[in-house]
Asks: 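This is the structure, below, for whatever I ask next.
Only a predicted model underlies this, so the values are computations on that prediction, with no experimental measurement involved.
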Amino acid sequence: KRDEALAMLLGPEYIARKSVVEGPIDLARDQLYLGQRKSMAQLAARADMAGKVAWATMALNVLGMLFVLLWFYRLRVVRPLAWITRQAQHLLAGRRDVVFSVPRFADRAFEIGELATTLENYQKVSIELDAQREALRLSNAKQQAIFDSASSGIALVHNRMIERAN
């Protein structure tokens, strides 16, 4: 309606000149639009590829961190605890020559080192108790031999009751 009103007001020459001027403008507009669409498609493809690369990098990073953590815990926690457990089992089986210091980890500052130190102290006390127990057994055996071989009568009285006599 606007174009019809302008045509009636300005005449048919206006419409002819307008189409001559608007033709190249419409062509330029269409070319700009197509160029922008092509650029947008390229940018979208690049953004999609960058997103995939970012996800792949993040996944590799997570896997790498998991590997490092597993390696660290295996080396610094699992192996020393397994070593200490085996040594404690040997100690409980009666071996007194057990060494609790964890190989390659002389550092006693971390908890596993403290556990090894505690178990070594337990081993020393256990050896001392065994020695005291053996000394007590020998002393008891000597007293028993004296008691049994005495030529005069000996009675062992406890709470006014005779527990033993030779």
Side-chain angles (χ1 to χ4, degrees), residues 27-166:
L27 182 65
R29 185 181 313 132
D30 290 343
Q31 287 176 349
L32 283 174
Y33 178 74
L34 288 175
Q36 287 176 343
R37 298 259 309 157
K38 185 177 177 183
S39 294
M40 286 178 13
Q42 289 174 345
L43 289 174
R46 287 177 64 189
D48 187 45
M49 181 58 79
K52 289 177 182 177
V53 168
W55 277 105
T57 304
M58 191 167 36
L60 286 174
N61 190 17
V62 167
L63 288 175
M65 290 299 293
L66 284 174
F67 176 75
V68 167
L69 285 174
L70 287 173
W71 174 78
F72 174 79
Y73 282 119
R74 182 172 183 213
L75 187 66
R76 297 289 287 183
V77 177
V78 174
R79 279 187 185 172
L81 282 178
W83 170 263
I84 289 173
T85 300
R86 280 192 304 276
Q87 298 304 84
Q89 288 169 346
H90 293 309
L91 179 65
L92 291 174
R95 285 185 49 195
R96 298 294 182 228
D97 61 340
V98 179
V99 177
F100 281 101
S101 61
V102 179
R104 298 183 344 166
F105 296 108
D107 182 19
R108 302 288 176 135
F110 65 103
E111 291 82 2
I112 294 174
E114 291 175 11
L115 177 63
T117 302
T118 302
L119 288 171
E120 284 176 352
N121 292 338
Y122 171 78
Q123 179 185 19
K124 290 174 188 174
V125 169
S126 177
I127 291 171
E128 288 175 15
L129 285 175
D130 286 347
Q132 290 176 359
R133 189 177 297 122
E134 183 61 23
L136 185 60
R137 190 190 64 75
L138 288 174
S139 175
N140 188 30
K142 285 180 185 178
Q143 287 180 358
Q144 191 69 30
I146 292 171
F147 185 79
D148 290 339
S149 65
S151 57
S152 57
I154 302 175
L156 178 62
V157 178
H158 186 273
N159 290 336
R160 297 183 181 203
M161 295 196 60
I162 297 175
E163 290 188 2
R164 186 153 183 234
N166 65 344

Asks: Would the distance check show the side chain of Ser149 and the main-chain N or O of Ala145 forming a donor-acceptor pair, the cut-off being under 3.5 Å?
Replies: yes
Asks: Mind running side-chain contact (heavy atoms from CB on, under 4.5 Å) on Lys52 and Asp48 for me, showing each step along the way?
Replies: CA-CA 6 Å; Lys52 289 177 182 177; Asp48 187 45; 3.5 Å; yes
Asks: Over all heavy atoms of both residues, which pair between Ala116 and Ile84 is shortest? Give the atoms and the distance, please.
Replies: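 For Ala116 and Ile84, the tightest heavy-atom pair comes out as CB-CD1, 4.0 Å.
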Asks: Looking at Arg164 and Asp148, does any basic side-chain N land under 4.0 Å from a carboxylate oxygen?
Replies: yes
Asks: Out of curiosity, Ser39 OG to Arg46 CZ, how far, rounded to the nearest 0.5 Å?
Replies: 10.5 Å
Asks: Is it true that a side-chain atom of Gln123 and a backbone atom of Arg96 form a donor plus acceptor pair closer than 3.5 Å?
Replies: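 Flag set: sc Gln123 to bb Arg96 pair under 3.5 Å.
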Asks: For the atom pair CG (Leu92) and OG (Ser126), what is the distance rounded to the nearest 0.5 Å?
Replies: 9.0 Å
Asks: Going from CG on Leu60 to CE on Met65, what distance comes out if it is rounded to the nearest 0.5 angstrom?
Replies: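 Between Leu60 CG and Met65 CE, I get 13.5 Å after rounding to 0.5 Å.
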Asks: Where do Leu75 and Pro80 come nearest, in terms of heavy atoms and distance?
Replies: O-CD, 3.4 Å
Asks: Side chains of Gln87 and Leu91: closer than 4.5 Å at any heavy-atom pair?
Replies: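 The answer is no, as the side chains (C-beta and beyond) never meet within the 4.5 Å cut-off.
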Asks: If only atom types and distance count, is the side chain of Ser139 paired as donor or acceptor with the main-chain N or O of Ala135 below 3.5 Å?
Replies: no
Asks: Got a second to check how far Gln89's CD is from Arg86's CZ, nearest 0.5 Å?
Replies: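 The CD atom of Gln89 sits 8.5 Å away from the CZ atom of Arg86.
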Asks: More than 12 heavy atoms of other residues, nucleotides or ligands under 6.0 Å from CE of Met58: is that the case?
Replies: yes
Asks: Could you go through Leu81 and Leu115, starting from their C-alpha distance and side-chain angles, then the distance that decides it, and tell me whether this counts as side-chain contact (heavy atoms from CB on, under 4.5 Å)?
Replies: CA-CA 9 Å; Leu81 282 178; Leu115 177 63; 4.0 Å; yes
Asks: Drop me the distance from Leu119's CG to Thr85's OG1, to the nearest 0.5 angstrom.
Replies: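 The OG1 atom of Thr85 is 9.0 Å from CG of Leu119, to the nearest 0.5 Å.
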Asks: More than 12 heavy atoms of other residues, nucleotides or ligands under 6.0 Å from CZ of Phe147: yes or no?
Replies: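 Counting neighbours around CZ of Phe147, more than 12 heavy atoms of other residues, nucleotides or ligands fall under 6.0 Å, so yes.
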Asks: Would you find more than 12 non-hydrogen atoms of other residues, nucleotides or ligands less than 6.0 Å from Ile162 atom CD1?
Replies: no
Asks: Out of curiosity, Asn61 CG to Leu66 CG, how far, rounded to the nearest 0.5 Å?
Replies: 10.0 Å
